[in-house]
Structures are given as structure tokens and as C-alpha cells.
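Since the structure comes first, as C-alpha cells, the remarks are kept for the end.
For reference, positions follow the sequence shown, starting with 1. Atoms within a ligand are numbered from 1 in the order they appear, just like the ligands themselves.
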Amino acid sequence: MESVIIATKNKGKAKEFEKLFLPKGLVVKTLLDYAEIEDVEETGSTFEENAILKAETIANNLGVRVIADDSGLEIDALEGRPGVYSARYAGSEKNDENNIDKVLDELQGVPESERTARFCCALAMAEPGKETLTVFGTCEGRILNERRGTNGFGYDPIFYVETEGKAMAELASDEKNKISHRANAIRKLDDLLQKRGESHE
Ligand SMILES: O=P(O)(O)OP(=O)(O)OP(=O)(O)OC[C@H]1O[C@@H](n2cnc3c(O)ncnc32)[C@H](O)[C@@H]1O
Ligand SMILES: [Mg+2]
């Protein structure tokens, strides 16, 4: 089977990409398969900039086409935070549980109607000698007062999806993969490639 390289070390993302690309007949490889590759510093101020940084650095390093995902949670009552700092919101160690606690603390006393938020996902596809493509997907929701569900990763237990009537972490993976920011971004990438008469190979 053909393969696609995703420049991520996040196990939660890796699992989702595997399931999202399998129906396209593509096996996913991630940086978890290339332990020797060092982390790319995410110095950009937007999801797009960071996705491009990760994709181009790893594509040049490996000499092949690579897709990178930079994603996170934008909370309106926090002026868009944690945003590009989502992975390390509660400190320099990446810790999903501490990140959730920090968000819940900051939103204490904020009423339901003002707890609107969205997950964002920028994907960049880079290949040495070619123009880098970027796409952007979102998923609207609101922040719960406490955790619900154990599926998914990151902020999924406190992100309520109105259209599903469930927290993201209460959705089965195939349900999340229909409506997520990541799924929406992949659909846009597929459309862009199709318009250009290209494919993922
Ligand atoms: O950079 P890579 O290696 O891909 O892994 P990362 O975990 O550092 O990923 P990001 O820099 O894109 O940071 C995104 C953070 O946003 C959160 N996040 C992204 N997508 C999410 C999702 O689908 N569900 C819940 N949280 C998500 C999660 O906490 C991630 O750590
Ligand atoms: Mg990162």
C-alpha cells in the first residue's frame, strides 16, 4: 500500500490520521516511526505558520513529501487562548490533564452562552522543490464545566459538540473523524489536490 508521512509525534493525532487515510488506501507513517528526528520548534504566530514550519523542515530532512498538522483550541471568552499555545498551555511539559485544569479554572463562573470555542487544524503539505500547500479546518463547540468521556485526546473531554449532543471525548473515533477540525481540513486538502489533478501519492 502507498504511504503518507505525517510530521507529528502526537499519538492521538497519529491514530486519527491512520483511520482518516486508510479509506483512501494510504498507510500513515509518523515521526513516531523516525525516533532520530528532533522536534521542530514551533515559533510561528499562527497555526498555518507552524504547520508550514514542521512540514517543510521534515520534508527537507527526509527528501520526500510530508504533511504536518498544527492544531489547537480557540476559546472566545479567553480572547482565542490557548490557540497556538494549546500543547503547552499549563507549562513547558506537554500535559493534557493540566491544560484542561487550567482552562476550567480560567472559565470558572463564565456562563454557558459565553463558553463558545472552536478546534482549529492547519495542514501543510510540503515537498522539496515544490510549492507548499496549506488548508484550514475548524469544528465549533463550547467548553463544558467538567470532563465528559474518555475517548480522543487533548481537550476532547471538555469540548461539547452541539450537533452531536456529546462531548468530543464521548464520540467514537469514527464519529469524531466525520466532524472534527482535522477531518474538515483533510477534506479541503483532498479537494485542492483533486482540482490540481494530483493525489496523495
Ligand atoms: O506538533 P506535533 O508533534 O504534531 O504534536 P503536538 O501535540 O505538539 O501538536 P500541536 O503542536 O499541533 O498542538 C496541538 C495541541 O492542541 C490540542 N489538540 C489538537 N487537536 C486536538 C483534538 O482533535 N482534540 C483535542 N485536543 C486537540 C492538543 O492538546 C495538542 O497537544
Ligand atoms: Mg507541537
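- Closest to atom 2 (P) of ligand 1 among all protein heavy atoms lies Thr8 OG1, 3.5 Å.
- Residues Phe21 and His200 place their aromatic rings such that the two centres sit under 6.0 Å apart.
- In this structure, the side chain of Asp156 does not engage the main chain of Met168 through any donor-acceptor pair within 3.5 Å.
- Close contacts of ligand 1 with Phe119, meaning ligand atoms under 4.0 Å from a residue heavy atom, involve 24 (N), 25 (C), 26 (N), 27 (C).
- A salt bridge between Arg65 and Glu198 is present, with a side-chain N of the basic residue lying under 4.0 Å from a carboxylate O of the acidic one.
- Ion pairing between a basic and an acidic side chain is recognised when a charged N comes within 4.0 Å of a carboxylate O; Glu18 and Lys13 show no such pairing.
- Of the N or O atoms in Asn99, none lie within a sub-3.5 Å distance of an N or O in ligand 1.
- Among protein heavy atoms, atom 26 (N) of ligand 1 sits closest to Tyr155 N, 3.1 Å.
- For the ligand labelled ligand 1, residue Lys176 lies inside the 4.0 Å heavy-atom shell.
- In this structure, the protein non-hydrogen atom closest to atom 11 (O) of ligand 1 is Glu42 OE1, 2.9 Å.
- Residue Met168 does not touch ligand 1, judged by heavy-atom distances below 4.0 Å.
- Taking every non-hydrogen atom of Asp96 and a distance limit under 4.0 Å, the qualifying atoms of ligand 1 come out as 29 (O).
- Counting heavy atoms only, Asp156 comes closest to atom 24 (N) of ligand 1 of the residues Asp156, Asn177, Val40.
- Glu42 lies close to the Mg ion (ligand 2), since one of its N, O or S atoms is found at a distance under 2.8 Å.
- A donor-acceptor pair under 3.5 Å is absent between the side-chain atoms of Lys176 and the main chain of Gly152, judged by distance alone.
- A salt bridge is absent between Lys24 and Glu2; no separation between the charged side-chain nitrogens and carboxylate oxygens falls under 4.0 Å.
- Of the protein's heavy atoms, Lys9 N, 2.9 Å lies nearest to atom 3 (O) of ligand 1.
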Begin from the C-alpha positions of Thr8 and Asn10 and carry the test side-chain hydrogen bond (donor to acceptor under 3.5 Å, both in side chains) through to its verdict.
-> CA-CA 6 Å; Thr8 183; Asn10 180 310; 5.4 Å; no

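- Under a 4.0 Å criterion applied to the non-hydrogen atoms of Asp70, ligand 1 contributes the atoms 10 (P), 11 (O), 12 (O).
- For atom 14 (C) of ligand 1, the nearest non-hydrogen atom from the set Gly154, Ser71, Ala183 belongs to Ser71.
- Using modelled atom types, one side-chain atom of Arg115 and one backbone atom of Leu144 make a donor-acceptor pair closer than 3.5 Å.
- Each of the following atoms of ligand 1 lies closer than 4.0 Å to a heavy atom of Ser86: 15 (C), 16 (O).
- Between Asp69 and Arg182, at least one side-chain N (NZ, or NE/NH1/NH2) sits under 4.0 Å from a carboxylate O, which counts as a salt bridge.
- Close contacts between ligand 1 and Asp69 involve ligand atoms 4 (O), 12 (O) [criterion: under 4.0 Å to a heavy atom].
- When Ala87, Gly152, Ala122 are ranked by how near their heavy atoms come to atom 13 (O) of ligand 1, first place goes to Ala87.
- Heavy-atom contacts of His181 reach the following atoms of ligand 1: 20 (N), 21 (C), 22 (C), 23 (O) (cutoff under 4.0 Å).
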